[in-house]
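Worksheet for the structure shown next.
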Amino acid sequence: MVLRLLQSVAVVFTAATLAFVLLHLAPGDAATALGEGVSPEVRAALRAQWGLDESLATQYGRWLSSFLRGDLGFSRDQHRPVAAVLGDALPRSLFLMGCALSVSLIGGMLIGAWQGARAGSRRDRTTSTALLVLYSLPEFWLALVLLVVFSYHLGWLPATGITSETYDYMSPFDKLCDRLSHLVLPLVSLSLVGVSVFARYQRDAMQESMTQAFVRTARAKGLTEAGVRRQAWRNALLPVITVTGLMLPALITGAVFVERVFSWPGMGFAMIRAIEARDYQVVSAGVILGSAVTTFGAALADIARDIADPRLRSQ
């Protein structure tokens, strides 16, 4: 456990350092991002005030020193502390990603278990083809298609944001419906690809589990087919638990694009805005948070796998 924690800290530190260096090596800076209406003298004065005219090593040392003291810095674009920016955005992203992961996991496990119990049948082949098509679709493209169809053409669901402009004047029930209606399109965009991934792994694991000796023994003892499938499904959970940890980086990346498309005010939306404004402090802190969530999720997946299979704890 201690080694795993040290590895996680090393991963987060490396990711944050790479993000800081690459951002500062990219063309332009926060003064350039102010636009054409700012004079060269004002830009130079702002660079000196913000310390952007200092060497990269000096800027990195100052940033690292502040970070180790728990100071994430100040957002020059939003004119408030970075901790406040992330404090507003992070819960919204975690809520969206948590819902998407739950839908992906439950939907993928149900579909994959259903396929694995009927492996080789026409229904299995048809469903596998549909899931393969779904797996090949990028989240941002899927989000744009859903936006155009269900919001602009059909008008069934709102296009952007997390609430309507009249939200403050609604009844409690209408407020709940309004929030759910704003959640549907981002959630579907982010979870459909995940459903195909989980279903694929669950199908293969279920198919292999159905050929094991304990399944034949259970049938020979007269257990019903539904009971046999339940036992086979429990034995096929390990690959899905492992994939859950591996899915987190893809989920975070997908959330960045989905939040941008639907103007969902989460971490992805804040990060893209910060990148466009060369707001280095927000981007660096966002990378640290994303890396921490990813490594934490992977560690949780390892622990869940050890709990599911006691044999792994002795290895």
Side-chain angles (χ1 to χ4, degrees), residues 93 96-154 156-157 183-212 215 225-226 228-262 264 268 290 294 297-298 301 304-305 308:
S93 286
L96 177 60
M97 289 191 295
C99 292
L101 183 62
S102 301
V103 172
S104 301
L105 188 59
I106 295 173
M109 289 173 65
L110 291 176
I111 295 173
W114 180 84
Q115 284 183 287
R118 299 163 179 78
S121 66
R122 179 180 297 177
R123 287 180 291 180
D124 171 43
R125 292 195 296 272
T126 303
T127 312
S128 296
T129 303
L131 291 174
L132 183 61
V133 173
L134 191 61
Y135 177 71
S136 64
L137 298 178
E139 278 105 343
F140 72 91
W141 185 85
L142 187 60
L144 288 173
V145 170
L146 293 174
L147 181 70
V148 170
V149 173
F150 292 99
S151 183
Y152 288 108
H153 285 291
L154 298 177
W156 291 353
L157 294 166
L183 176 64
V184 170
L185 289 181
L187 177 60
V188 172
S189 304
L190 199 55
S191 59
L192 278 183
V193 176
V195 168
S196 65
V197 174
F198 282 115
R200 186 174 182 179
Y201 279 91
Q202 181 69 90
R203 177 201 176 277
D204 294 343
M206 185 71 179
Q207 182 184 9
E208 182 181 353
S209 184
M210 291 292 290
T211 62
Q212 298 297 315
V215 172
E225 189 61 24
V228 170
R229 289 175 180 174
R230 276 198 299 272
Q231 288 198 6
W233 176 73
R234 292 175 60 183
N235 191 62
L237 283 179
L238 278 181
V240 177
I241 293 174
T242 304
V243 173
T244 303
L246 300 177
M247 276 290 292
L248 284 175
L251 191 63
I252 293 174
T253 305
V256 171
F257 295 106
V258 169
E259 287 182 3
R260 180 61 172 173
V261 170
F262 294 104
W264 184 274
T294 302
R305 191 180 59 174

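Note that the structure is predicted; figures quoted are calculated from it, not measured.
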Report the distance from atom CH2 of Trp141 to atom OG of Ser136, rounding to the nearest 0.5 Å.
-> 9.0 Å

Would a 4.5 Å heavy-atom cut-off, applied to side chains only, mark Met109 and Leu105 as touching?
-> yes

Of all heavy-atom pairs linking Gln202 and Gly108, the shortest is CB-O, 4.1 Å

Exam field: side chain Ser104 to backbone Ser191, donor-acceptor pair closer than 3.5 Å = yes

Any chance you could measure Arg229, atom CZ, to Glu225, atom CD, to the nearest 0.5 Å?
-> 4.5 Å

Among Leu142, Leu187, Val103, which one satisfies side chain to side chain contact (heavy atoms under 4.5 Å, CB included) with Leu192?
-> Leu142

Mind checking whether Met206 and Trp114 have side chains closer than 4.5 Å, heavy atoms only?
-> no

Check whether any side-chain N or O of Gln115 sits under 3.5 Å from a backbone N or O of Arg203 as a donor-acceptor pair, and report yes or no.
-> no

Measure across Ala232 and Val215 and return the closest heavy-atom pair with its distance rounded to 0.1 Å.
-> CB-CG2, 4.2 Å

Count the heavy atoms belonging to other residues, nucleotides or ligands that lie under 6.0 Å from CZ of Arg200, then report whether that count exceeds 12.
-> no

Atom CZ of Phe257 and atom CG of Leu144: how far apart are they, to the nearest 0.5 Å?
-> 11.0 Å

Nearest heavy-atom approach of Ser189 to Leu146 is OG-CD1, 3.3 Å

Donor-acceptor contact below 3.5 Å, side chain Ser196 vs main chain Val193 = yes

Determine, stepwise, if the pair Gln207 / Thr211 fulfils side chain to side chain contact (heavy atoms under 4.5 Å, CB included).
-> CA-CA 7 Å; Gln207 182 184 9; Thr211 62; 5.5 Å; no

Euclidean distance, Thr129 OG1 relative to Leu134 CG, rounded to 0.5 Å = 12.5 Å

Is the closest side-chain heavy-atom distance between Phe198 and Leu131 below 4.5 Å?
-> no

Supply the atom-to-atom distance Leu185 CG to Phe262 CZ, rounded to the nearest 0.5 angstrom.
-> 4.5 Å

What are the two closest heavy atoms between Phe140 and Val261, and how far apart are they?
-> O-CG2, 4.5 Å

